[in-house]
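One structure below.
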Amino acid sequence: MATDRDSAVTAIFGDPVAHSLSPAMHNAAYAALGMNRTYVPFHVTQSNLAAALRAIPALGIVGVNLTVPHKEAAARIIKDLNGEARMLRAVNCVVNRRGTLQGDNTDARGLERDLRDLRCDLRGRLAIVIGAGGGAAASLLTCIRLGARVVIVNRTPGRAMALARRFAGKGAPRAAADSRGLDALMDPVLLSDARLIVNATPMGLTTPRFARLDYDSTAADCLFYDLIYSRDETAFLKPAVAAGRRASDGAGMLVNQGELAFKLFNRVAPPAGVMRAALFEVLGRSLPRL
Ligand code: NAP
């Protein structure tokens, strides 16, 4: 849809940002709804984040998504955070409400919706979350909400421990999370108990291989979920599929967090399936329903 001087603007700030698939998803929804709005990627460096956030009300930008490396820094800058952004100490949605910036985080809810779509029932089961950054925190919150016990596995075990402690004190009704080093991914007793294993690290994207993981010891109903999404099967998921396990990349999470963000920005839900179809067209593959 063509933009004009009356078009309202929504945006994403990131560094890098050119690769972002969010503009394709959001603009497809605007076109489908016939809304005179547009979604624009802005390359914002770390040192410019505060100034870029201050410019949102001045420019009349309706809402902004934040991606790497801004989510945690924004949570320290924006005063008005909702409970989820405060708990995750990260913001991926900034909403301009009559000149006041409100910070929210739709990553955990996006993953939760995708796991429900995938019919991954975690009640009373074990989930293993690999990583201890922002994506891992969102995954941990989701798994706890879905009733799982969680073991956080990370290269730096101290960070995993800190994350587990943080949620035991705040988000979780009880101490629901434990922590281990990456060697836990070769522990057959732990692996055989897991209903879900989430990769919340860039391993396989920034490294040629994923960590050593004993796929054959996992339960037959174990779902492997990679927060990374790409055109091809990821390094984490490929051996899972070869071992006959269910596998999903993070494209569904991206769609769901995007749909939630769209509703926050525009106060109207995107038409069902439009953002997903736009994403999968860009990714050049069919919808991975399991
Ligand atoms: P982050 O905050 O930078 O955390 C990175 C984590 O990965 C840390 O725990 C780090 O371990 C670990 N790690 C990094 N490199 C490693 C390596 N070579 N070997 C072992 N561990 C390594 O990142 P994030 O924001 O959580 O994002 C993680 C991934 O999730 C990214 O690929 C991101 O694109 C993806 N993501 C996807 C969605 C979606 O919608 N699908 C949403 C959010 C994030 P240490 O603690 O030891 O440094």
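All residue numbers refer to positions in the sequence shown, counting from 1. Each ligand, and each atom within it, is numbered from 1 in the order the structure gives.
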Atom indices of ligand 1 within 4.0 angstrom of [X] heavy atoms, with elements:
| X | value |
| --- | --- |
| G134 | 2 (O), 26 (O) |
| G133 | 2 (O), 4 (O), 9 (O), 26 (O) |
| Y229 | 41 (N) |
| T207 | 18 (N) |
| L254 | 40 (O) |
| M203 | 17 (C), 19 (N), 20 (C) |
| G250 | 41 (N) |

Between the side chain of [X] and the main-chain N/O of [Y], is any donor-acceptor distance below 3.5 Å?
| X | Y | value |
| --- | --- | --- |
| R89 | R76 | no |
| R276 | V255 | no |
| S192 | P188 | yes |
| T10 | T38 | yes |
| T142 | A108 | yes |
| N96 | I61 | yes |
| R246 | L118 | yes |

Please indicate, with yes or no, if any protein heavy atom is found under 4.0 Å from [atom]?
| atom | result |
| --- | --- |
| atom 34 (O) of ligand 1 | no |
| atom 23 (O) of ligand 1 | no |
| atom 31 (C) of ligand 1 | no |
| atom 16 (C) of ligand 1 | yes |
| atom 40 (O) of ligand 1 | yes |

- request: May I ask you to identify, for L227, whether its side chain, its backbone, both or neither come under 4.0 Å of ligand 1 on a heavy-atom basis?
  value: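 Both backbone and side chain.
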
query: At a non-hydrogen distance cut-off of under 4.0 Å, which region of A137 contacts ligand 1 (side chain, backbone, both, or neither)?
result: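 The answer is neither; A137 stays 4.0 Å or more away.
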
Counting heavy atoms only, which of [options] is nearest [atom]?
| atom | options | answer |
| --- | --- | --- |
| atom 28 (C) of ligand 1 | G110, S22, A200, G135 | A200 |
| atom 5 (C) of ligand 1 | P202, G131, A160 | P202 |
| atom 47 (O) of ligand 1 | T201, T156, D249, L205 | T156 |

- prompt: Is it true that D107 and K71 make a salt bridge, defined as a side-chain N closer than 4.0 Å to a carboxylate O?
  reply: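 Salt bridge present between D107 and K71.
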
task: State whether E112 and R116 are salt-bridged, where the test is any N-O pair (Lys NZ or Arg NE/NH1/NH2 against Asp/Glu carboxylate O) under 4.0 Å.
output: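 Here E112 pairs with R116 in a salt bridge, since their nearest N and O are under 4.0 Å apart.
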
message: Can you confirm whether the side chains of T201 and N199 place a donor and an acceptor under 3.5 Å from each other?
response: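 There is such a pair between these side chains.
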
- prompt: Taking atom types as modelled and ignoring hydrogens, do the side chains of S22 and N65 form a donor-acceptor contact shorter than 3.5 angstrom?
  reply: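 There is no such pair between these side chains.
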
message: Yes or no: does K71 have any heavy atom under 4.0 Å from an atom of ligand 1?
response: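 Yes.
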
